[in-house]
Every structure is written in structure tokens, then in C-alpha cells.
Amino acid sequence: VVKIWWAAPSSVDQAADMELLSTAEMVRLNRLRSPADRGRFSTAWALVRRTLAEINDVEPRALNFTRSCELCGHPAHGRPRLVAGGPAFSLSHSGDRVLLAVSDTGVIGADVEMSGRDVTRLARRILHTRDPRCEGPELVRMWVRKEAIVKATGHGLARPMKTIELADPPHGAQVLDIPADDGYFAAVAIIDRPPLTR
Ligand SMILES: CC(C)(COP(=O)(O)OP(=O)(O)OC[C@H]1O[C@@H](n2cnc3c(N)ncnc32)[C@H](O)[C@@H]1OP(=O)(O)O)[C@@H](O)C(=O)NCCC(=O)NCCS
Ligand SMILES: [Zn+2]
């Protein structure tokens, strides 16, 4: 089962959200300069903490996360997940939206992007030679689907999107378009068994 939560950074109580963050999250927050980035970050992690706390029946501040990389062992660039185990989750932020997706099985990747982005010049980097040609908003939609896949595997943008054929995604990823507000596209990818090597 996959569940989806949305938040809009412009309409949350950011002071209340910041009180839920861990020391490590405050360090990350304080590295961000722009108010928009800061708002997206605190909204996102407060949403993660509130949601997973309710699922695990603990206090939001009691949860511990790791970002160590399951693929190469790097301490900080991996897929965020709960240290003590629990549902897989993925979060994404763009514009005034934060998306959180939680799956009770396997691993999950989520992505939201503003649909109006001009990605024309990125087409060659997004599309696989066997993907259907597309442009404009449809190309953004392809990007969102593929970013969801590389977030589920933990590779992130270290795996070029053009190496992924949407009709035959790696590790049997299942890709779902998620309904989003006007101006945004969102997708999730679910993989039953996480890949543990590069
Ligand atoms: C994952 C990645 C594509 C996200 O891109 P983005 O433009 O920041 O976009 P989003 O807003 O959609 O996602 C950000 C969230 O993805 C999550 N994330 C970070 N690294 C991730 C990874 N490796 N896999 C899955 N999710 C990841 C985080 O929760 C992050 O939000 P936070 O920093 O506020 O906690 C990008 O950060 C990336 O490519 N990271 C490098 C991964 C890497 O070095 N891989 C090497 C593997 S050996
Ligand atoms: Zn790595």
C-alpha cells in the first residue's frame, strides 16, 4: 500500500515545524540560504516526522534517520530511511509543494516538479532512445517518473535518466503518476526488493 501526503510550505506554521527537527536536520536547515529552500526543508522533515511518528506510534522527535548510502557506503548521500526500520518513504520538494510517499513494502521513490519548467534543452538527457518522443509538459512528466525511479533505487542523479527505458524500468520498478495541483506533476516508483549494489 502506498500513501501520499502533501504540504504547502507557504501555508504551514514554520516555527512549529522547526521545533520537531533534530540537531542534524537543524544543521542542514542552517546551511540553506534562501527562505524558499528553508521553508521547503522544514516543512518536509516536519511532515516526515509527524507522519512516520503516527504510523510507528512514537513521538515525532523520537525517530532516528540515516542517510548512509546503501549502494557505496557514503555517509550522507543515500536514500533517507528510519534507523530502526519501518515503512519506506520518499520526499520531494518543488515550488510551494512538498510530497511525502510512504510504502509498507519494498522501497519507494517520489518526485514532484513544476510542470511549466522549460526542459527542452534537457530532452537528450531525459529520454532513452526507445522512449516515445515528447516535449513541453509531457517531457517534465517523463522526468518526474524517472526521478522517482532513481530515488527508489537510491542512485539519484548519479544514474543518467536516459539510461532508463520507461517501458522496461530497472529492478521491475512500478511507476505511478500521482494527481497533483495545477502547475505540478508528481510520480512515485515502487521496487519490491531494493538493489544493494551499484
Ligand atoms: C536524490 C536527488 C535526485 C534529489 O534531487 P532534488 O533535486 O534534491 O529533488 P527532490 O526535492 O525531489 O528530493 C530531495 C530529497 O530526496 C531525498 N534523497 C536524497 N538523496 C537521496 C537518494 N540517494 N536516494 C533517494 N532519495 C534521496 C532527500 O529526502 C531529499 O530531501 P532533503 O535533502 O530535504 O532531505 C539528488 O539529491 C541526487 O541525485 N543526490 C545524489 C545521490 C548520489 O550521490 N548518489 C550516488 C549513489 S552511489
Ligand atoms: Zn553512494
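Because the structure is a prediction, the values reported are computed rather than measured.
Placement of M114 and V98 in two distinct hydrophobic clusters is found when ILVMFWY residues are connected by side-chain heavy-atom separations under 4.5 Å, directly or transitively. Under the 4.5 Å side-chain heavy-atom criterion for ILVMFWY residues, a single connected hydrophobic cluster contains both F185 and V150. Under the 4.5 Å side-chain heavy-atom criterion for Ile, Leu, Val, Met, Phe, Trp and Tyr, M18 and F65 are members of the same hydrophobic cluster. Cluster membership for I178 and L166, using ILVMFWY side-chain heavy atoms within less than 4.5 angstrom, is not shared. Hydrophobic clustering, with ILVMFWY side chains joined whenever heavy atoms are under 4.5 angstrom apart, keeps I191 apart from I4.
The two atoms that bring A173 and P169 nearest to each other are O-CG, 3.1 Å, heavy atoms only. Nearest heavy-atom pair across L47 and W6 is CD2-C, 4.5 Å. The minimum heavy-atom distance between D37 and L32, with the atom names listed, is O-CD1, 3.7 Å. Closest approach of F41 to E25, counting heavy atoms only: CE2-O, 3.3 Å. The two residues A152 and V107 come nearest to each other via the heavy atoms O-CG2, 3.5 Å. Counting all heavy atoms, side chain and backbone alike, Y184 lies closest to S94 at CE2-O, 3.4 Å.
Note that CG of L100 and NE2 of H93 are 11.0 Å apart. Values are rounded to the nearest 0.5 Å. From R125, atom CZ reaches atom CG of L157 across 9.5 Å, with rounding to the nearest 0.5 Å. To the nearest 0.5 Å, the span separating CZ on R79 from CZ on F89 amounts to 8.5 Å.
Panel note: side chain T51, backbone V48; no donor-acceptor pair is recorded below 3.5 Å. No donor-acceptor pair under 3.5 Å is formed between the side chain of K162 and the backbone N or O of L127. Looking only at distances, a side-chain donor or acceptor of R40 sits under 3.5 Å from a matching main-chain atom of G95. K151 contributes a side-chain N or O that, together with a main-chain N or O of L91, makes up a donor-acceptor pair within less than 3.5 Å. No side-chain donor-acceptor contact under 3.5 Å links S92 to the backbone of L99. Although no hydrogens or angles enter the test, the distance criterion places no donor-acceptor pair under 3.5 Å between the side chain of R159 and the main chain of T153. With hydrogens and angles ignored, the 3.5 Å screen pairs no side-chain donor or acceptor of H155 with any backbone N or O of A158.
Residues R38 and S42 have side chains that never bring a donor and an acceptor to within less than 3.5 angstrom of each other.
Residue pairs meeting the salt bridge (charged side-chain N to carboxylate O under 4.0 Å, His left out) criterion with at least one partner in residues 80-108, sequence neighbours excluded, are E70-R81, R97-D181.
By the 4.5 Å heavy-atom criterion applied to side chains, W5 and V102 are counted as neighbours. Contact of the V2 side chain with the I190 side chain is registered, since non-hydrogen atoms from C-beta on lie closer than 4.5 Å. Side-chain contact between L21 and R61 is absent, with no heavy-atom pair separated by less than 4.5 Å. Contact annotation: the side chain of N56 approaches that of L63 to within less than 4.5 Å [non-hydrogen atoms, C-beta and beyond]. The side-chain heavy atoms of V112 and V144, taken from C-beta on, include no pair separated by under 4.5 Å. Looking at heavy atoms from C-beta onward, W45 lies in side-chain contact with P80 at the 4.5 angstrom threshold. Here the side chains of R49 and S22 are in contact, with some heavy-atom distance below 4.5 Å.
For CZ of R67, the number of neighbouring non-hydrogen atoms (other residues, nucleotides, ligands) closer than 6.0 Å is greater than 12. Counting heavy atoms of neighbouring residues, nucleotides and ligands inside a 6.0 Å radius, atom CD of Q14 exceeds 12 of them.
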Donor-acceptor pairs under 3.5 angstrom involving side-chain atoms of residues 132-142: please list them, not counting sequence neighbours.
from : atom 1 : to   : atom 2 : distance (Å)
R133 : NH2    : H128 : O      : 2.9
R133 : NH2    : D131 : O      : 3.2

Please determine whether side-chain contact (heavy atoms from CB on, under 4.5 Å) holds for the pair E147 and M161, giving the CA-CA distance in whole Å, both sets of side-chain angles, and the decisive distance to 0.1 Å. CA-CA 7 Å; E147 191 162 327; M161 289 187 184; 3.8 Å; yes
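Just one of I108, D111, V188 meets the side chain to side chain contact (heavy atoms under 4.5 Å, CB included) condition when paired with S90; it is I108.
For E165, the side chain to side chain donor-acceptor pair (under 3.5 Å) partners two or more places apart in sequence, or in a different chain, are R130.
Electrostatic pairing of E113 and R117 counts as a salt bridge here, judged by a charged N lying under 4.0 Å from a carboxylate O.
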